[in-house]
Amino acid sequence: MKITAIAPYAGLGELIQEVATQKEFGNIDIVQGDLQEGVKIAIEAEKQGTDIIISRGGTAERIKHHVTIPVINIEVSGYDLLRIITLIKDTENRVAFVGFPAIANAVSSISQLIDVNLDIYAIDDEHHIENQLRLLKEENYSFVIGDVITVQLAEKIGMHGLLLTSGKESVINAFRQAEETYRTVEKIKKERDTYAHIVQDLHQHTIIADEYLQLRTLSTQPLPIPLSFIRKIAVAIFQLQQVLFEVVYKNRFYRLNGRQLSSQQVVIELQEQEAPSNSLPSISLVADPNASVYLSSNHEEVQLAIEQAEALRGQSTPIVIIGENGTGKESLARHIHANDDNAFLRIDGATFPITLLPYLAIILKDGGTLYVVNADRMEEDTKEWIEIQIKEKVSFRIILAMNNKTSERIPAKYKTLHLPPLRERKEDILNLIRLFISSFNGEYGVQIAGISQGAGQLLESNSFELNITELSSIINKAVRKEETAYIQENTIADILEELQAQSKTEIDITGTLAEIETQIIQAVWLEEKKNNSKTAERLGINRTTLWRRLKEIQ
C-alpha cells in the first residue's frame with residue numbers, strides 16, 4: 001500500500017511521520033500543502049501510483065473532488081477541540097471560531113458543554129474568511145480559532161490566530177482507516193477483475209451510466225459501438241426504465257439489454273452475436289461499408305434519384321424510396337443522411353414493436369435519420385406513430401423504403417425517389433463488378449485484376465432477381481474461388497449453377513422452426529460437397545455450431 005500524506009501545517013507532517021515510523025509504514029510520502037496546493041500534490045500523487053491519500057479538514061474535502069482514489073480525513077477529535085477551547089477558557093478577550101461547517105458544529109457543541117463563551121462562524125467558501133475576520137476585528141475580537149488558512153489570514157490583519165491541531169490519536173485512527181479502506185478497495189478490485197474476465201469471455205460489455213451520463217465499463221476492451229449512442233440509450237432508459245433490442249454496427253450484431261438500477265444509474269449489457277437473432281427488434285447504426293457502390297451508375301433514372309436525394313439533405317420532408325430488394329435503397333438513404341454526425345437508425349417496419357418507438361424519438365432527439373425498411377408492412381400503430389412525428393416536425397429525418405407494388409399508397413406529402421432494378425440498367429454491371437472486385441481484393445488479400453469478356457457477358461445475361469445484392473454475392477464467391485488473375489467464364493458458370501440448384505432445393509415449411517433449420521443446414525452442407533468450413537461460412541455460423549447440428553441430423 002502506497003500512501004501520500006498531505007499535511008496542511010508542518011507540525012501535522014511531523015506527527016504523521018512519527019506514527020508512520022511506529023507502525024512501520026515504509027511506503028509513505030509526507031508533503032506539506034494546504035487547500036489548492038494540496039489538491040495539486042494529490043493529483044500528481046495519483047498519477048504516480050498512490051493508493052490512498054491522507055489529509056485534513058478543508059484540504060481533504062477539496063482533494064476528494066479531484067482524485068478517484070480514497071481520501072482519508074484526519075478527524076479533529078473531541079479531545080483536540082477540548083484542548084484548544086480550554087486554552088482560551090479564562091481569557092477576558094473576545095474569541096471566535098471561523099472555519100468550515102463540519103468542524104464549526106463540533107466546536108459549538110463542545111463550547112456549550114463546558115460553558116465557554118465562544119462565537120462560531122461557519123464559512124463555506126475560503127474566499128469569504130478574510131472578510132469575516134475583518135468584521136470581527138472591527139468588533140474588537142482578539143483571538144480567532146481555526147484551520148491553517150484562518151490562522152494565516154488572522155495574523156495577516158493583526159489578530160491572534162489559534163491553530164486547531166489534530167492529536168496523535170486522530171492520526172493513528174486515520175492510518176487505521178487507510179488500512180481498512182485499502183483492504184476493501186483491493187477486494188472490490190479483485191471482484192471487478194473477476195467479473196471483467198467473465199464478461200470478456202462472454203464477449204459482453206457491461207456499462208454503467210450515471211445521471212450525468214458518465215460511463216463505466218467492466219470490460220478492459222474498448223466498446224465496439226460509439227459512446228455517443230450508448231449515452232443516448234442511457235437517456236432513453238432513464239426515461240422509460242428498460243430496453244431490449246439488437247444493434248447492428250459495422251456488419252456485427254449485438255444484443256443490447258438496458259435497465260434502470262436506481263434513480264441515479266442504469267446498466268447496459270452489450271452481448272456480441274454471431275448472426276442476427278431474428279427474435280429481437282433490430283436497429284442498424286451503420287450500413288454496409290460497400291453501400292456507396294450501390295449508387296455507382298450511368299443510368300439516367302438512378303442519376304436523377306441521386307440528384308433529388310442531395311437536394312433533400314437540408315429539408316425535413318419525409319421521403320419514400322421505391323425499388324426492389326437489392327437496388328440500393330439504403331445506400332440512397334445514407335446518401336441523404338450524408339455527413340450528419342447524428343445516428344442513422346435502420347429498423348424493420350414489419351417487426352419493430354410499437355413499444356420501442358419512443359426510444360427512437362429520444363435517441364434521435366438531436367437529429368439524425370430514421371430509415372424504415374419494409375415500410376409497406378408496418379402495423380397501423382407504427383404508421384400512426386410516424387405520422388405524429390411528421391406532424392410535430394421532429395428534428396430527425398424519416399425515410400421509408402418500399403417496393404414497387406406499394407407505390408400507389410404513398411401520401412402526397414412524401415417526396416418519392418425511384419431506383420430501377422439491375423436488369424434495367426445492364427450498362428452498370430461491368431462497372432459494379434470492377435468496384436466489387438476492388439473491395440473484395442482488400443477484404444480477402446487476393447489480387448484479382450478483372451473479369452474475362454465471356455464471364456462479363458454471362459453476368460450481363462443474368463436476370464438478377466436480387467439485383468445488386470445478388471451481383472455482389474456472385475463476385476464475392478468468384479474472387480475467392482478464382483485461381484487466375486481474371487475471373488473466368490467457367491468460374492461464373494459454376495456459381496450460377498450452384499445458385500440455380502439452391503433455388504430448386506425443396507424445403508418443407510410445414511414443420512417446426514427447428515425442423516426447417518435442419519433441412520436448410522443439410523441442403524447447404526450437401527451443396528458444398530460436405531465441406532464444413534464452406535457450409536459454416538454460407539450459413540453465418542461457427543464450425544462448432546455446425547458440427548453439433550450435423551450430429552443431430554445424423
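Keep in mind it's a predicted model, so treat the numbers as computed, not measured.
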Looking at [Y] and [X], is any side-chain nitrogen of the basic one under 4.0 Å from a carboxylate oxygen of the acidic one?
X: Lys481; Y: Glu498; result: yes
X: Glu460; Y: Arg423; result: no
X: Glu269; Y: Arg259; result: yes

Check the pair Leu370 / Leu360 against side chain to side chain contact (heavy atoms under 4.5 Å, CB included), numbers first and verdict last. CA-CA 8 Å; Leu370 176 61; Leu360 302 183; 3.8 Å; yes

I want to check something: taking the side chain as every heavy atom from C-beta on, are [X] and [Y] in contact at a cut-off of under 4.5 Å?
X: Pro420; Y: His299; answer: yes
X: Phe253; Y: Glu272; answer: no
X: Val373; Y: Arg346; answer: yes
X: Glu179; Y: Gln177; answer: no
X: Ile398; Y: Ile390; answer: yes
X: Asn403; Y: Ile322; answer: no
X: Ile521; Y: Leu539; answer: yes
X: Tyr371; Y: Arg334; answer: no

Under a plain distance cut-off of 3.5 Å, with no hydrogens placed, do [Y] and [X] share a side-chain donor-acceptor pair?
X: Ser297; Y: Asp428; result: yes
X: Glu44; Y: Gln48; result: yes
X: Thr382; Y: Glu384; result: no
X: Glu324; Y: Asn467; result: yes
X: His335; Y: Arg313; result: yes

Taking [Y]'s backbone N and O only, do any of them form a donor-acceptor pair with [X]'s side chain (distance below 3.5 Å, no angle check)?
X: Arg231; Y: Leu213; value: yes
X: Thr50; Y: Ile52; value: no
X: Asp210; Y: Gln214; value: yes
X: Ser438; Y: Leu435; value: no
X: Gln389; Y: Trp385; value: yes
X: Asp376; Y: Met402; value: no
X: Asp51; Y: Lys2; value: yes
X: His66; Y: Arg62; value: yes
X: Glu392; Y: Val394; value: no
X: Lys329; Y: Gly323; value: yes

Of the non-hydrogen atoms in [X] and [Y], which two are nearest, and what is the gap between them?
X: Ser395; Y: Gly367; value: OG-N, 3.5 Å
X: Glu330; Y: Phe344; value: OE2-CE2, 4.3 Å
X: Pro70; Y: Thr181; value: CB-CG2, 3.6 Å
X: Phe464; Y: Ile429; value: CE1-CD1, 3.9 Å
X: Ile386; Y: Val372; value: CD1-CG2, 4.2 Å
X: Ile283; Y: Ile347; value: CG1-CG2, 4.0 Å

Rounded distance [0.5 Å steps], [atom1] in [X] versus [atom2] in [Y]:
X: Lys415; Y: Thr317; atom1: NZ; atom2: OG1; answer: 9.0 Å
X: Lys187; Y: Tyr182; atom1: NZ; atom2: OH; answer: 15.5 Å
X: Asn476; Y: Phe436; atom1: CG; atom2: CZ; answer: 9.5 Å
X: Glu470; Y: Asn325; atom1: CD; atom2: CG; answer: 11.5 Å
X: Leu499; Y: Asp494; atom1: CG; atom2: CG; answer: 11.0 Å
X: Ile487; Y: Lys477; atom1: CD1; atom2: NZ; answer: 13.5 Å

Establish, for the pair Arg480 and Tyr444, whether the NZ or CZ atom is under 6.0 angstrom from the six-membered ring centre and no further than 45 degrees off its axis.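 Because its charged atom sits under 6.0 Å from the ring centre and within 45° of the axis, Arg480 does stack over Tyr444.
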
I'd like to know whether Leu422 forms a side chain to side chain contact (heavy atoms under 4.5 Å, CB included) with Thr327, so could you lay out the CA-CA distance, the side-chain angles of the two residues, the decisive distance to 0.1 Å, and finally the verdict. CA-CA 7 Å; Leu422 187 57; Thr327 52; over 6 Å; no

Within 6.0 angstrom of [X] [atom1], more than 12 heavy atoms from elsewhere:
X: Gln303; atom1: CD; result: yes
X: Lys365; atom1: NZ; result: no
X: Tyr486; atom1: OH; result: no

List the steps, then state whether side chain to side chain contact (heavy atoms under 4.5 Å, CB included) holds for Ile362 with Gln239. CA-CA 9 Å; Ile362 295 171; Gln239 294 187 35; 3.6 Å; yes

Are Glu387 and Lys413 close enough, and set up right, to give a salt bridge (charged side-chain N to carboxylate O under 4.0 Å, His left out), and what steps lead you there? CA-CA 11 Å; Glu387 287 301 312; Lys413 61 188 163 190; 2.4 Å; yes

From Leu417, Leu312, Thr369, residue fulfilling side-chain contact (heavy atoms from CB on, under 4.5 Å) relative to Ile399: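 The passing option is Thr369.
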
Verdict with reasoning, Glu186 to Arg183, per salt bridge (charged side-chain N to carboxylate O under 4.0 Å, His left out): CA-CA 5 Å; Glu186 285 302 295; Arg183 283 195 295 269; over 6 Å; no

For Phe229 and Leu227, run side chain to side chain contact (heavy atoms under 4.5 Å, CB included): C-alpha distance rounded to whole Å, both residues' side-chain angles, the deciding distance at 0.1 Å, then the answer. CA-CA 5 Å; Phe229 180 73; Leu227 287 175; over 6 Å; no

